[in-house]
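First comes the structure, then the notes that go with it.
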Amino acid sequence: MDKTYQPQDIETRIYQNWEQSGYFRPSGEGTPYSIMIPPPNVTGSLHMGHGFQDTIMDVLTRYHRMAGCNTLWQPGTDHAGIATQMVVERQLLEQGETTRQELGRDAFIEKVWDWKEKSGGTITKQLRRLGASPDWSRERFTMDPGLSHAVQEVFVELYNEGLIYRGQRLVNWDPKLHTAISDLEVVSEEEDGFMWYFRYPLADGSGDVVVATTRPETMLGDTCVAVNPDDERYQDLVGKEIALPFCQRNIPVVADDYVDAEFGTGCVKITPAHDFNDYEVGQRHDMPLINIFTADAKINEVAPEAYRGLTREEARKQIVADFDEAGLLVKVEPHKLKVPRGDRSGVVIEPWLTDQWYVDAKTLAKPAIEAVESGDIQFVPKQWENTYFAWMRDLQDWCISRQLWWGHRIPAWYDDQGKVYVGRSEEEVRSKNDLGDRPLRQDNDVLDTWFSSALWTFSTLGWPEETPELKTFHPTSVLVTGFDIIFFWVARMIMMTLHFKREVPFHTVYVHGLVRDGEGQKMSKSKGNVLDPIDLIDGIDIDTLVEKRTTGLMQPKMRAKVEKKTRKEFPEGIGAYGTDALRFTYLSLASTGRDIKFDMGRIEGFRNFCNKIWNAARYVLMNTEGHNCAQDGSENYELSLADRWIISRLQHTEKTVAEAVSSYRFDIASQAIYEFIWNEYCDWYLELSKPVLWNDDSPEALKQGTRRTLIRVLETALRLAHPFMPFITEEIWQRVKTLAGQSGESIMLAAYPVASDEKIDPEAEANIEWLKSFIDGIRTIRGEMNIAPGKPIPVLLRNASELDQSRLNANSSTLLSLAKLDTATVLASDEVAPMSATALVGDMEVLVPMAGLIDKDAELARLDKEITKLEKEVARISGKLNNQGFVAKAPEAVIEKEREKLAAAELAFKKLGLQRDEINSL
RNA sequence: AGGACUAUAGCUCAGUUGGUUAGAGCGCUACCUUGACAUGGUAGAGGUCCCCAGUUCGAAUCUGGGUAGUCCUACCA
């Protein structure tokens, strides 16, 4: 074995073996356990969020697989309508300088499929690098025939039930992408703008009103002006008419509660066709809808000629100028306002009147709310349930049609009268409706991507067929997801699944945090602070990293800044830490309810941990290979105290890990594994094994027991750690399994360790604790008194109880060896000790004679420090115990504990004080 | 405007139903090439648990009020 762990040599080889051997497939036996991957965009690539999320799912999957469950992790990808279409459109422009319109629908879709074939494998390849173990043979894509069939079925069914309908109303229109988008796809951010105050003259010439607006251009579509009914200033105006400037139209003044008298002038211009609130007001007062925009958000032919063809921005300028010129511009004020933009296009969204398809979300929401209320679905952490409820209880109907080409085309056909027929195919529609050969035209729109993702838990399992997989693995066990798609995806999955399967899609929703950079910033390409999980696995040199981060930046100005920051943060680039270190880092940071700042210090620490495991294995193999490790089932071995101790500690660790995984506390689980392997197995057990194995006088039975324990505890710890760090554990396991009496092809198919209470040995633990505190005491004296670690020293033991003496006798060779002692001599009660440095092990004093080794003043200083500490401790506890309230009200056990602590502290205080006086007097 | 979350060592984070000497990793200091590992070992320094008040015998932990930060939802033209 190499002296250091080299992950890159082994990871790919091991992964290929796993996948080719079919180990990722469900075993077909045991309790079903299933997880559906949140399908990433098919043409996307792996980012840190995926890395985090998929590591968690893989831990759960590997854990349950090893625990004997019939485990399915279902992989797949999403067609990501808008995102993918945009990418391909951009490529068309760059390569051939054509638009999709020039190309035509069918040819364009073909291009998208080409692109999907070409780049669709990227993210799944990267997932493999992460060690993910989904059943790739079952990989699905949301536009596969089977899933498309499910989509069609759901659409037709919902339509027949009246839960999908077509309607004309205001939608969020993206003037760049030329499609409607749902409320969720609109992001509103505060931006600096202006508030314009315009004077609108009354038609009868008797005066005017002043309206305030942030969108002057919409005045072309005004149909009335509204005031608050209780606003005394404007009582007389209600019912009068206004001559709308530049438009040759008169519009009425109406009274409506919507208007806040305090805001602006208290007079609001109402544009029902271009504002959601105005739409409502318009409905209440029976106002017409005057649409003044084209699909590009340019002024259309309904508006006065002077403005036609202008963009929104141009029209705004022109109209403000015209008001100014007409003397009707009262004032302009700077004003902060929330501007709605499309999450994909980034352009300002226009409320626009169109025909769209809607899902009656309110009806579907009711059972979905109940499922969470009743606990059929539980969120972890629980507080997300509030978010879910808040949204679900105020749900608007879901606009599901998109004016795109890439996606599931809506299964609706129109005849020449414009009458709509919904069905699974044109043939079905024709025959069911007796349409003969009347011309039919299919709806041009496609469905929102989230419509198909909403069916993911059951469509991937073959629905609407009642497949065996569907029966076995649905409902799924847990959904692992980020909070950002609770509304987009989780809620809609719950609604759809309850409606069509009459059961929940999953029992638990584990909501994890966002992965941020070391400074807590969101990682984004435009900030140039993105870390690629693959770079953390393989490493990357600084120039390549800078190149990667600075290409494709939106603002060229950022380039220098990003480069500088990157070079400062990673002067040497990024080292190759390996997959296991990366996974362990994610997991150790995965405490609930909080975002994670990715800390490079952590991943380096866990790379070192991998190396530690590797070298521990080297030591174990050196001492077991070619030796009798009692692996043949013979009973001719004897377990030492250390053996019993480490076996006992292992049981505790197994318990902790099991509890932690079942409560999704991967940080606790990974820490327990880390501490066991490093602080107990390596730091103490391996050291304790040396005196046994290296001493020619040790009985063979004891050596066999030690070898057996060395190899078996290592082998068990590997299985315990395997879900967390799959590669290194497999690599080592293959070398140790036979010696440990295990067979089997792969660690990932081996049984997960289960704690056994009989192996917990409190006596062994107490004895080793005694031994450790003895050794630690000596080491502290050595460390603080600058005695060379290797220099053998004699120690004297004062006030040793019978138990101390028997422990000493039982462990003297270990003790002498680990503490590098010359001798350890028990003093009789009347014996006088020479001047010594002191360590306390319980009541026993361990004395290191100072002669020639220790400076008197140094030891005095050391004792003083100890004594001061103890003094404070004594004062603190006795204060507590003298408090009548404490003694009267605290539980007896707590009081008893305090008394014991006080006694121990007082004793130590007294002993060290005497020792101090003794040294001082010499 | 409403709501959620966060605040603990220089940095990144644990701290289970109130009872610890408040912990880990990284970083820092000193010493150590001891036959698994310098990606290591041993010892050590380092904390007003954001602030104020309250409940309690006892508060990092519970309550109220602040402060700072992050995020979500809804928005006034």
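Every chain is numbered from 1 and lettered A, B, ... according to where its sequence line falls, protein lines coming before strand lines.
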Item to complete: Sort by first number and list every stem of RNA chain B: at least 3 consecutive Watson-Crick or G-U wobble pairs, both distances under 3.5 Å.
Response: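 Stems for RNA chain B, defined as runs of 3 or more consecutive pairs: B:1-7 with B:67-73, B:10-13 with B:23-26, B:28-32 with B:40-44, B:50-54 with B:62-66.
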Which nucleotide in the set [options] lies at the smallest distance from any side-chain heavy atom of [X]?
{"X": "A:Glu784", "options": "B:rG44, B:rA77, B:rC57", "value": "B:rG44"}
{"X": "A:Lys338", "options": "B:rU21, B:rA43, B:rC75", "value": "B:rC75"}
{"X": "A:Asn883", "options": "B:rA38, B:rC76, B:rC57", "value": "B:rC57"}
{"X": "A:Arg516", "options": "B:rU70, B:rU73, B:rU21", "value": "B:rU70"}
{"X": "A:Thr780", "options": "B:rG25, B:rC75, B:rG44", "value": "B:rG44"}
{"X": "A:Lys612", "options": "B:rC37, B:rC57, B:rU21", "value": "B:rC37"}
{"X": "A:Lys865", "options": "B:rG40, B:rA45, B:rU70", "value": "B:rA45"}
{"X": "A:Met622", "options": "B:rA36, B:rU21, B:rA38", "value": "B:rA36"}
{"X": "A:Leu337", "options": "B:rU12, B:rA36, B:rA77", "value": "B:rA77"}
{"X": "A:Arg779", "options": "B:rU42, B:rA36, B:rG25", "value": "B:rU42"}

For [X] and [N], what is the distance between atoms [atom1] and [atom2] respectively, to the nearest whole Å?
{"X": "A:Asn172", "N": "B:rA74", "atom1": "CG", "atom2": "P", "value": "11 Å"}
{"X": "A:Trp614", "N": "B:rA36", "atom1": "CH2", "atom2": "C1'", "value": "12 Å"}
{"X": "A:Tyr258", "N": "B:rA74", "atom1": "OH", "atom2": "P", "value": "16 Å"}
{"X": "A:Phe609", "N": "B:rG40", "atom1": "CZ", "atom2": "P", "value": "12 Å"}
{"X": "A:Met195", "N": "B:rC75", "atom1": "CE", "atom2": "C1'", "value": "13 Å"}

Worksheet entry | Nearest atoms (heavy-atom pairs only) where A:Tyr685 meets A:Thr706 |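 Shortest heavy-atom contact: OH-O, 3.4 Å.
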Discussion item. What's A:Arg876 touching, base or sugar-phosphate or nothing? Going by heavy atoms closer than 4.0 Å.
Written reply: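 Sugar-phosphate, backbone atoms only, no base.
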Worksheet item: Base, sugar-phosphate, or nothing for A:Leu686, non-hydrogen atoms under 4.0 angstrom?
Response: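 Base: the residue A:Leu686, judged by heavy atoms under 4.0 Å, touches a nucleobase.
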Whether [X] contacts [N] is assessed here as follows: a side-chain N or O lying under 4.0 Å from the phosphate OP1 or OP2. Is that the case?
{"X": "A:Lys690", "N": "B:rA36", "result": "yes"}
{"X": "A:Asn608", "N": "B:rG40", "result": "yes"}
{"X": "A:Lys820", "N": "B:rU42", "result": "no"}
{"X": "A:His335", "N": "B:rC76", "result": "no"}
{"X": "A:Trp678", "N": "B:rG41", "result": "yes"}

Response to the item:
Given protein heavy atoms under 4.0 Å, the one-letter contact record of nucleotides 27-32 of chain B, with B base, S sugar-phosphate only and - none, is simply ------
Discussion item. Under the criterion of centre distance below 5.5 Å and interplanar angle below 30°, is A:Tyr619 classified as stacked on the base of B:rG35?
Written reply: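 A stacking contact does not exist, since A:Tyr619 is not both close and nearly parallel to the base ring of B:rG35.
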Assess, by modelled atom type and distance only, whether the side chains of [X] and [Y] contain a donor and an acceptor separated by less than 3.5 Å.
{"X": "A:Tyr234", "Y": "A:Asn228", "result": "no"}
{"X": "A:Thr868", "Y": "A:Glu871", "result": "no"}
{"X": "A:Tyr197", "Y": "A:Glu333", "result": "yes"}
{"X": "A:Ser588", "Y": "A:Tyr674", "result": "no"}
{"X": "A:Lys880", "Y": "A:Ser878", "result": "no"}
{"X": "A:Thr271", "Y": "A:Asp222", "result": "yes"}

List every contact pair, protein side and nucleotides 14-19 of chain B side both N or O, where the distance is under 3.5 Å.
unit_1 : atom_1 : unit_2   : atom_2 : d
B:rA14 : OP1    : A:Ser591 : OG     : 2.2
B:rA14 : OP2    : A:Arg594 : NH1    : 2.6
B:rA14 : O3'    : A:Arg665 : NH2    : 3.3
B:rG15 : OP1    : A:Arg665 : NH1    : 3.0
B:rG15 : OP1    : A:Arg665 : NH2    : 3.1

Quick one: do [X] and [Y] make a salt bridge, cutoff under 4.0 Å?
{"X": "A:Arg284", "Y": "A:Asp256", "result": "yes"}
{"X": "A:Arg876", "Y": "A:Glu873", "result": "yes"}
{"X": "A:Glu217", "Y": "A:Arg215", "result": "yes"}

When you compare [N] with [M], how far apart are their [atom1] atoms, in angstrom units rounded to a whole number?
{"N": "B:rA60", "M": "B:rU17", "atom1": "P", "value": "15 Å"}
{"N": "B:rC31", "M": "B:rA38", "atom1": "C1'", "value": "14 Å"}
{"N": "B:rC71", "M": "B:rC13", "atom1": "P", "value": "15 Å"}
{"N": "B:rU39", "M": "B:rC26", "atom1": "C1'", "value": "13 Å"}
{"N": "B:rU20", "M": "B:rU61", "atom1": "C1'", "value": "13 Å"}
{"N": "B:rG2", "M": "B:rU8", "atom1": "C1'", "value": "30 Å"}
{"N": "B:rG10", "M": "B:rG46", "atom1": "P", "value": "11 Å"}
{"N": "B:rA53", "M": "B:rA14", "atom1": "P", "value": "28 Å"}

Worksheet item: Is there side-chain contact between A:Arg782 and A:Lys791, with at least one heavy-atom pair below 4.5 Å?
Response: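 With C-beta onward as the side chain, the pair touches.
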Discussion item. Between A:Leu714 and A:Tyr619, is there a side-chain heavy-atom distance shorter than 4.5 Å?
Written reply: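 With C-beta onward as the side chain, the pair stays apart.
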Worksheet item: Between A:Asn277 and A:Tyr5, which has a closest nucleotide on RNA chain B that is more 5'?
Response: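 Of the two residues, A:Tyr5 wins.
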Practice prompt. State yes or no: are the ring centers of A:Phe194 and A:Trp196 separated by less than 6.0 Å?
Written response: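 They qualify: ring centres under 6.0 Å apart.
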Discussion item. Tell me if the aromatic rings of A:Trp614 and A:Tyr5 count as close, with their centers under 6.0 Å from one another.
Written reply: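 Distance test on ring centres: under 6.0 Å, yes.
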Worksheet item: Which word best sums up how the rings of A:Phe584 and A:Phe606 line up, parallel for under 30°, tilted for 30 to 60°, or perpendicular for over 60°?
Response: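 Perpendicular.
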